[in-house]
There are 2 protein chains.
Amino acid sequence: MATLKDVARLAGVSVKTVSNVVNGYEFVKPDNRRRVEEALATTGYRPNIGARNLRRGRTGSLALVLPELSIPYFGEMAGLVLEAAQEHEWNVLIEQTLGTRERERATLAALGPHMIDAAIVSPEALHSRDFDELDPGIPVVMLGEHSVDVPIDHVGIDNVRAARVATQHLIDLGRRRIAAIGAHPYRGTATQRLEGYRSALTAAGLPVRHDLIVQALNYHRRDGAEAMAHLLSLPEPPDAVFCFNDLLAIGALRAAAEHGTRVPQQVAVVGFDNNEESAYSMPSLTTIAPDKAAIAHSAVDLIRRRIKGGQELDPEDVQTPFSLEIRESTR
Amino acid sequence: MATLKDVARLAGVSVKTVSNVVNGYEFVKPDNRRRVEEALATTGYRPNIGARNLRRGRTGSLALVLPELSIPYFGEMAGLVLEAAQEHEWNVLIEQTLGTRERERATLAALGPHMIDAAIVSPEALHSRDFDELDPGIPVVMLGEHSVDVPIDHVGIDNVRAARVATQHLIDLGRRRIAAIGAHPYRGTATQRLEGYRSALTAAGLPVRHDLIVQALNYHRRDGAEAMAHLLSLPEPPDAVFCFNDLLAIGALRAAAEHGTRVPQQVAVVGFDNNEESAYSMPSLTTIAPDKAAIAHSAVDLIRRRIKGGQELDPEDVQTPFSLEIRESTR
DNA sequence: CATCGTTGGTACAACGTTGTAAAGACCCAG
DNA sequence: CTGGGTCTTTACAACGTTGTACCAACGATG
């Protein structure tokens, strides 16, 4: 592998002059520039990014820390973050935590400031305040989950409002026994979505019935199916279900079908995330559609801002838009 | 950020001694070792991976090059590759090519040998022989696509055989007008799956009807839906369809439903990939299920082998197992 | 007590790059 | 032809790490 030294020798100039050509420095004699460029071409020189970064004190990489790539929401988000990061010539290193708090902490501790310039973290179990003790030494942007009391930049939609919109949609359909699937003891987004659900019911003068609120410790299709099966076996089953993500909703659709319950006639279903598959499920799924590209771009922008601005910048909380995508499951 | 120098000063020893402690070198006086370890702890020293790699001549990172993370198959594969790579303490840098040949080439050229130790490439448009001119200078393992005539390690399932199994399954159901969705002018896997489809038909004494073979330039749900709509509009529509991936099949299921055609009674459908969503579609999808974890592990193993063994090693072609997952769409 | 091998420690150079500072070449005005 | 400025190039050091070579101390051996 050719280095600057090799090119310099071949072109008959100093290493620095080659470096200057490579970096587009203005004042190089045309004659030398030509010779250097020839030498670059014949050697097939490629800069050693590691050495360059060592010298420059940056790495050119971001870390994206998320629970699992096989979960459609995170797969889609990761793809968009990759694109957004590439616009600023960042490489992206992806780490999976599998949703365990221990691995979320370990990952952040391990990455440290040497491998990456910053991290975009989509925490599952980790609380913002864990970062306090951690101090990863690099800018961090949190996606989704959010704790106000910690000075960390954050991007996400207004979960409370989105959940209210979803629930209100079911109320507008005339449904009165509206269940919720996805309550969770300590997951922040779950708490917020539950709050939105509750507030919509209350505002409409409907009771909040605890037997219609089903916990889900995981947010996979299977959990949604189990929860729905449970709801349908109740003496008075619900006439609508708000699922805290699309996977739960997809599972719920299947459970309903297996139970012989028709969607949306007997039970209307709303999801959350607008996974690509939700437009093709049978029936297709009404869902809260966050603007994922906006989330990805905002996250990268926050990182750029923080890298430029430094620690003393006030932490920002960017709320990205969302919409309600109405499909067959509530039509 | 503390460096070896800082720790050395604090512990009152040389930089190298600290380095020795950090790297577990045996012969360090217990007394010094203790002092160094204390200093390490109080400074919170973390080795600068970049500098270490520069010195050692390796990077500790792999690249995973694939079309799009939002495509479930690649999302799932990426997750498994991440896990497999982590077992050997590799970081993984993911690059999306969006399926364009130009970006596949550009990515490989850009990554070069400095950022990464090796690359795992899942090409969409790129041919193995493109690598010849390219010579990325690092070990490369190809997933899926495969050209025998180029000395590059490869992992994947036997597409021809798998397609034959899928088609044979439909034949065994008594279907006689079996269509195929997903033919493609130059995509290698498409060619192989088409060949398997053909050979199964021929072996069963069934005609290969060209009007029942539908091209798909992309492999998304929408393309499957369009292809299926076309097939169902034929004067003599098929009684079974073999789709070259699950997304096409999911789209086909929806098109069938919208056309009022019942699956599997009127049209049986088989997919390929066993995406997680395919177990929850309505009806659930019969599909070829490659052992994705085996693919991921084999890919990482091939890389380790190649890094140890060097260029003169004969290229290996690992065929991973697959199975036919029979579900509602053919029951 | 001289010698040797083992153990423990250090200085230096090197990985490939770029910033700094300084020196050399060139040109033009005086 | 001198002085000053503008261009152009270079040597050197440094980023943080580790391999090599070497030195020093030590106990054991003859």
**Q** Does OP1 or OP2 of D/dT17 have a side-chain N or O of B/N53 closer than 4.0 Å?
**A**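 The answer is no; no side-chain N or O of B/N53 sits under 4.0 Å from OP1 or OP2.
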**Q** Could you list the donor-acceptor pairs under 3.5 angstrom formed by side chains in residues 293-302 of chain A, with sequence neighbours left out?
**A**
unit_1: A/H297; atom_1: ND1; unit_2: A/A293; atom_2: O; d: 3.1
unit_1: A/H297; atom_1: NE2; unit_2: A/E87; atom_2: OE2; d: 3.4
unit_1: A/S298; atom_1: OG; unit_2: A/A294; atom_2: O; d: 2.7

**Q** Got a sec: does the CD of A/E312 have more than 12 other heavy atoms crowding it under 6.0 Å?
**A**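 Atom CD in A/E312 is crowded, with more than 12 foreign heavy atoms closer than 6.0 Å.
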**Q** Using heavy atoms to find the nearest nucleotide of DNA chain C for B/N20 and B/A51 separately, return the residue whose nucleotide is more 5′.
**A**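 Comparing both residues, the 5'-ward one is B/N20.
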**Q** Do A/R103 and B/E83 meet the salt-bridge criterion of a basic N to acidic O distance under 4.0 Å?
**A**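 Looking at B/E83 and A/R103, the cut-off is met.
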**Q** Whole-Å distance between D/dA14 C1' and A/R52 CZ?
**A**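 Distance check: A/R52 CZ to D/dA14 C1' gives 17 Å.
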**Q** Going by number, which of residues 1-19 of chain B have a non-hydrogen atom under 4.0 Å from DNA chain C?
**A**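 DNA chain C contact set from residues 1-19 of chain B: B/V13, B/S14, B/K16, B/T17.
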**Q** Tell me the interatomic distance from A/I49, atom CD1, to C/dT17, atom C1', rounded to whole angstroms.
**A**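 In whole Å, C/dT17 C1' and A/I49 CD1 are 10 Å from each other.
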**Q** B/Y45 near the nucleic acid: base, sugar-phosphate alone, or nothing, with a heavy-atom cut-off under 4.0 Å?
**A**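 Sugar-phosphate, no base atom in range.
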**Q** Could you give the CD-to-C1' distance, from A/E26 to D/dT6, as a whole number of Å?
**A**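 To the nearest whole Å, that distance equals 12 Å.
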**Q** Is it the case that A/E68 and A/S70 place a side-chain donor and acceptor less than 3.5 Å from each other?
**A**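 The criterion, which ignores hydrogens and geometry beyond distance, is satisfied for A/S70 and A/E68.
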**Q** State, with a plain yes or no, whether a side-chain heavy atom of B/Y45 is found less than 4.5 Å away from one of B/L4.
**A**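 A side-chain contact exists here, since the closest heavy-atom pair is under 4.5 Å.
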**Q** For the residue pair A/D273 and A/E76, establish whether any side-chain heavy-atom pair is separated by less than 4.5 Å.
**A**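 Heavy-atom side-chain distance check fails, nothing below 4.5 Å.
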**Q** Would you mind telling me which of C/dA13, D/dC15, C/dT18 lies closest to the side-chain atoms of A/R56?
**A**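 Ranking C/dA13, D/dC15, C/dT18 by closest atom to the A/R56 side chain puts C/dT18 first.
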**Q** Can you check the B/N23 CG to D/dG16 C1' distance for me, whole Å?
**A**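 After rounding, the gap between these two atoms is 13 Å.
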**Q** Under the 6.0 Å and 45° cation-pi test, does B/R101 pair with B/Y186?
**A**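 No, B/R101 does not lie over the aromatic ring of B/Y186.
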**Q** Would you say the side chain of B/R55 and the base of D/dT18 hold a donor-acceptor pair, judged only by whether the two atoms sit under 3.5 Å apart?
**A**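 Indeed there is one.
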**Q** When the distance from CG of B/N48 to C1' of C/dT17 is rounded to whole Å, what number comes out?
**A**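 After rounding, the reported distance stands at 14 Å.
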**Q** If I take atom OH in residue B/Y25 and atom C1' in nucleotide C/dT7, what distance separates them, rounded to the nearest angstrom?
**A**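 Taking OH of B/Y25 and C1' of C/dT7, I get 8 Å after rounding.
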**Q** Could you tell me how far apart B/H114 (NE2) and C/dC15 (C1') are, to the nearest whole angstrom?
**A**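 These atoms are roughly 11 Å apart.
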**Q** Among D/dA13, D/dC7, D/dG16, which nucleotide has an atom closest to any side-chain atom of B/L54?
**A**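 Output: D/dG16.
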**Q** Could you give the NZ-to-C1' distance, from B/K29 to C/dT7, as a whole number of Å?
**A**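 It is 9 Å, rounded to the nearest whole Å.
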